[in-house]
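Excluded from the calculations below are hydrogen atoms, water molecules and symmetry mates; all remaining heavy atoms, backbone and side chain alike, are included. Please read all numbers here as calculations on a predicted model, not as lab measurements. Here is the naming used below: chain letters follow the sequence lines, and residue numbers restart at 1 for every chain.
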Protein chains: 2
Amino acid sequence: MRTGKTTKKALTFSRRGMGLEEEINVANDFYLANRLAVIHKKPTPITIVNVDYPARSAAKITEAYFKQASTTDYNGVYQGHYIDFDAKETKNKTSFPLKNFHQHQIDHLANVLSQGGLGFVIIKFTSLNENYVYPASHLIYEWQLHKGKQSISYETIVTHSYRIPESLTPSLDYLVALDEWLAHINK
Amino acid sequence: MRTGKTTKKALTFSRRGMGLEEEINVANDFYLANRLAVIHKKPTPITIVNVDYPARSAAKITEAYFKQASTTDYNGVYQGHYIDFDAKETKNKTSFPLKNFHQHQIDHLANVLSQGGLGFVIIKFTSLNENYVYPASHLIYEWQLHKGKQSISYETIVTHSYRIPESLTPSLDYLVALDEWLAHINK
Ligand SMILES: [Mg+2]
Ligand SMILES: [Mg+2]
């Protein structure tokens with residue numbers, strides 16, 4: 001998608017070129033390989049309508065449709081804690097639009113909290129190149145306050161979040177922010 | 001798939017007609033609705049090769065293939081515990097064949113244990129109509145002992161498992177067996 005003009009910049013700031021989900025997947029692979037956490041992206045849910053079973057070759061799905069996900073993007077376990085989160089990015093600099101969320105995601109995160117899990121959202125402000133772990137309890141509060149419309153201000157998010165510091169390996173080392181959060185909970 | 005002859009029996013023993021995964025899904029729906037646990041089946045992972053985007057209708061996947069799952073069937077959170085398990089059934093009455101497992105499932109369960117999660121298998125002996133929560137630590141031990149071949153004897157499984165009692169709603173109330181296990185851990 002990049003034009004020739006941006007190629008050099010793309011290489012220099014290659015991490016900026018990665019989408020948020022890609023950065024999270026790379027972090028998860030790093031965490032798994034280094035035995036730091038076991039967190040996976042959930043497969044995309046689809047409804048399969050038709051499958052061909054050709055002789056001597058793999059079953060081929062020939063008709064299927066994307067299904068609305070009923071939960072979040074990622075879950076897993078970190079030092080005994082159940083981890084559950086969604087990844088969201090925005091180009092906005094001053095606020096995060098609530099239309100990025102769906103009621104079922106809010107409901108799922110509320111269910112996770114009620115069972116003692118760590119529910120949150122990783123929010124990337126792409127224009128600012130800032131990443132935050134925003135706890136689900138605050139998201140749910142804002143969602144109810146605004147009835148799912150409008151947006152959450154940048155200041156509100158920053159106040160209640162744990163910032164993911166700039167890092168090299170992995171580029172989005174979100175366990176650092178989780179550690180800060182857990183230290184705060186256990187204080 | 002049932003012939004006319006078995007229809008009446010199928011109705012009478014309808015729970016026996018349900019596959020193990022179906023019973024687990026019903027239990028999970030019950031747990032979610034009653035705020036007892038948040039446990040979901042992971043979607044089947046597929047590799048999407050081609051998608052059509054017809055005007056005015058839903059995107060249609062026209063070519064995709066099933067992908068080997070890299071983890072287990074189910075995960076979630078129960079009273080602060082990370083839960084991760086696979087569902088397996090056998091018609092055998094005296095042993096459980098280890099060929100039902102794959103190395104990646106064993107590795108995943110070992111990773112889960114190393115992060116303090118509760119990893120296990122729900123094993124159904126269909127001919128005996130007995131269901132067990134079999135802790136992953138024992139499964140991993142047997143797997144290494146037998147190098148993934150042969151089988152685990154029925155007695156070994158029964159000795160190290162927590163039996164899922166017969167129940168009506170849900171028919172496979174596996175949280176009862178988990179409670180027994182957790183009480184044993186906390187003793
Ligand atoms: Mg997302
Ligand atoms: Mg299975």
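Crowding of A:Y141 atom OH: a count of heavy atoms from other residues, nucleotides or ligands under 6.0 Å not exceeding 12.
No continuous path of hydrophobic side-chain contacts links A:L20 to A:V121 [ILVMFWY only; heavy atoms under 4.5 Å]. In the hydrophobic cluster analysis, where Ile, Leu, Val, Met, Phe, Trp and Tyr join through side-chain heavy atoms closer than 4.5 angstrom, B:L98 is grouped together with B:F125. A:Y82 and A:Y78 are not part of a single hydrophobic cluster, where members link through side-chain heavy atoms under 4.5 Å apart. The same ILVMFWY cluster, assembled from side-chain heavy atoms under 4.5 Å apart, contains both A:L118 and A:Y162. Side-chain heavy atoms closer than 4.5 Å link hydrophobic residues (I, L, V, M, F, W, Y) into clusters, and following such links, possibly through other members, connects A:L139 to A:F96.
Only the side chain of B:T71 comes within contact range of chain A, with heavy atoms under 4.5 Å apart. Using a 4.5 Å cut-off between heavy atoms, B:T62 touches chain A through backbone and side chain atoms alike. Contact of A:L32 with chain B is made through the side chain alone, with heavy-atom distances under 4.5 Å.
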Going through the distances and angles, do B:V77 and A:D84 end up as a side-chain contact (heavy atoms from CB on, under 4.5 Å)? CA-CA 9 Å; B:V77 57; A:D84 196 302; over 6 Å; no
I would like to know whether A:F66 and B:V51 meet side-chain contact (heavy atoms from CB on, under 4.5 Å); could you show each step before the answer? CA-CA 10 Å; A:F66 294 101; B:V51 183; 4.1 Å; yes
What's the verdict on side-chain contact (heavy atoms from CB on, under 4.5 Å) for A:H108 and B:H40, showing C-alpha distance, side-chain angles and the deciding distance? CA-CA 11 Å; A:H108 174 69; B:H40 289 278; 4.1 Å; yes
Given the rule in the side-chain contact (heavy atoms from CB on, under 4.5 Å) test, do B:I61 and A:I46 qualify, once you have shown the distances and angles that lead to the verdict? CA-CA 9 Å; B:I61 299 162; A:I46 62 163; 3.8 Å; yes
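Proximity of a side-chain donor or acceptor of A:Q115 to a complementary backbone N or O of B:H81 within less than 3.5 Å is not detected.
Most heavy-atom pairs under 4.5 Å with chain B: of the set A:K42, A:K60, A:R35, this distinction falls to A:K60. Chosen from A:A69, A:P43, A:P45, the residue pairing most often with chain B at heavy-atom distances under 4.5 Å is A:P43. Looking only at heavy-atom pairs under 4.5 Å with chain B, the residue among A:A37, A:G117, A:A58, A:S114 that has the most is A:A37.
For the atom pair CG of A:N111 and OH of B:Y31, the computed distance is 15.5 Å after rounding to the nearest 0.5 Å.
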